[in-house]
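Proteins come first, then strands; the chains are lettered A, B, ... in the order of their sequence lines, and each starts at number 1.
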Amino acid sequence: MYQASNSGLISTSSRDLNAFKMVKPKTIADAVSYLNDFDSVPVAYAGGVDLATAYRENKQIGTLVWLKEIDEISDITVSDDNLRIGALVTHGQGSANEKLACVRGLQESWGKIANVRIRFSATIGGNLMALRTSYEMPILLSALKARINFANKDGLFTLAADEMSQTPRLTGALLTSVDIPLKGKPQIDYERSMRPLYTQAAVKFQDGDNSLIRIAIATEHLPPYIFEIPERLEDFDQIFESLPPDYADLRLDNNYIRYLIPVILKRQIKRLAKGQ
Amino acid sequence: MKNTTTLSFILNSKEYESIEVPTCVTLGDLLREEFGLRGTNLSCNQGVCGSCTVIIDGNPIAACHTFAFEIDGKNIRTIEGLECADGSLDPVQESFAELSAFQCGYCTPGMIMLSRALLDQNPNPSEELIKEWISSNICRCTGYAMIIEAVQLAAKKIKESEA
C-alpha cells in the first residue's frame, strides 16, 4: 500500500519517516531548555509551513519542540514608542490586527505575504527563523528598523532585522518577539509587483520638518540591502552610490536592479505622501 | 518518552477520542491511510499546490504539510464531510458540478474546501476576494474562470437556502 522509500518517487509517505519525540513547553524558559539539549537533536515547530517538507527531505528531528502553547509569545502589544509582535502571531492574525494601525501601511504590506491558505498557519517567527532569502518579513522588518528579540540559555538578546542572516548566534535560541520602533511615525509601502524576482519596501520616517525614506530591496536569492535617502531627493543617481556592484543574482543583474529602484521608489514616495 | 501522541478530535462531525498516532504522520497520510478519506488528494506534498486542502476550525489548511498531532482538540472537515446526511451535495459541490468548474478534477476537492472556508468566513465575497483566496491553490486545467463563477454561484445558493 505504501510506496517504499527507495521507489524513486518524489513524495514519501509518513510511514517511511522515523517518528520523533515531542515536547510542549508552556514557558520561554522551558522551550529554551529543550532547544539547548543538543543531544536530543531539538527542532522548534510553530506554524509548520516548512518543517514537514524539510523532514521529508531528511532533516533530522530528534525532539520536536512544539511552541504553540507558549502564551507569552502569542500577543501583539503597543506602547508609546514600540509595537511588539509575538513570534507565534500568524500572517493572518497579524495583518488583520488593528493594533498594527500605529504603523500606517503595515497591515496591508504584511497582508501581501504568502497566500490566504498559508497565512492561516505561517508565523512571523517561522518566517524569520527559516533564514530564507525568498521569505519576505526580513525585507519589511529591515526597512522598519525592527529589532528581533531572542532568549537563549544565557538570557535575552536582540538583533537588528537585517543582522539575522549574518549571525551565528541562533543555535539554541528561541525567537520570542519582534519590536518595531514607533519613533518618527513610520509609514510603510511594500511593492512586490515583480515578486519573486524583486521586491522593495520603503518606510517614511518623520524627523521634525524633514522626512527620511529607508528602503530595503531584495531579490529571491539575495538578502535585503538597505539604504536611506531624504524624501525630497531630486537626483536619484545618488542612491546608487552605496549599492555594491556585486548585488545581483542569476536572474537580475546589478544594472537592472539600479534601473528598478527609482522606478518603483517614485511611485512608493507618491503613495507614502498621499498616506495610501 | 514514546514517539507517538494521543489525539482527540472531531472529523466530519464524528468525535474521535484517544487515537494514538506516530508523531511523524502528516494529516494527509492520516486521513487517507487510517480513515480511508481518499478525497484529500496529495500532490506536491510541500504545502504549495493546495490539492489536499481541508478545513481545520474553519480555516483552510494543506493536510500534506500539517503534522497529524496538530489536530488535537480541533474540528476537521474533509471533502467527504461536506455531503449532507441525506446524500445531497453541499452548495459548493453542486455549483462546481453545474458549471463544470473542473477538467482533470485532481485539484477539485481542495478547491471546494478552500471555497467552502471562504464562504463560511465571507458569505458575500467580491470577485477580487474570491481571486485572492482561490489563488492559494493551483489548477493547471481550467484557467480559474469557471472556478470563480462556481464560487459566486455557491454564494448565491447558500444565500437563497438561508432565506
Report task. Please assess B/Phe69 against B/Phe9 for the test ring-ring contact (aromatic ring centres under 6.0 Å, His included), listing each intermediate value before the final yes or no. Result -> CA-CA 10 Å; B/Phe69 60 73; B/Phe9 51 88; over 10 Å; no

Query raised in the report: Would you call B/Glu70 and A/Lys68 a salt bridge, using N to O less than 4.0 angstrom?
Result: yes

Query raised in the report: Got a salt bridge between A/Asp189 and A/Arg271, using NZ or NE/NH1/NH2 to carboxylate O under 4.0 Å?
Result: yes

Query raised in the report: Do you know which of B/Ala68, B/Ala117, B/Ala62 has the most heavy-atom pairs with chain A at a distance under 4.5 angstrom?
Result: B/Ala62

Query raised in the report: What option among B/Gln46, B/His65, B/Arg32 has the most heavy-atom pairs under 4.5 Å with chain A?
Result: B/His65

All N/O donor-acceptor pairs, side-chain side in residues 94-101 of chain B, below 3.5 Å, sequence neighbours left out:
from: B/Glu94; atom 1: OE1; to: B/Lys157; atom 2: NZ; distance (Å): 3.2
from: B/Ser95; atom 1: OG; to: B/Pro91; atom 2: O; distance (Å): 2.7
from: B/Ser95; atom 1: OG; to: B/Ala154; atom 2: N; distance (Å): 3.2
from: B/Glu98; atom 1: OE2; to: B/Lys157; atom 2: NZ; distance (Å): 2.7

Report task. Could you tell me whether A/Trp66 and A/Phe20 have their ring centroids closer than 6.0 angstrom? Result -> no

Report task. Would you please go through residues 131-139 of chain A and name the residues with a non-hydrogen atom below 4.5 Å from one of chain B, in numerical order? Result -> none

Requested in this report: Show the numbers, then the answer: is there a salt bridge (Lys or Arg N to Asp or Glu O under 4.0 Å) between A/Asp30 and A/Lys26?
Outcome: CA-CA 7 Å; A/Asp30 285 349; A/Lys26 290 189 165 43; over 6 Å; no

Query raised in the report: Between B/Cys139 and B/Cys107, which heavy-atom pair has the shortest distance, and what is it?
Result: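 The answer is CB-SG, 3.7 Å.
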
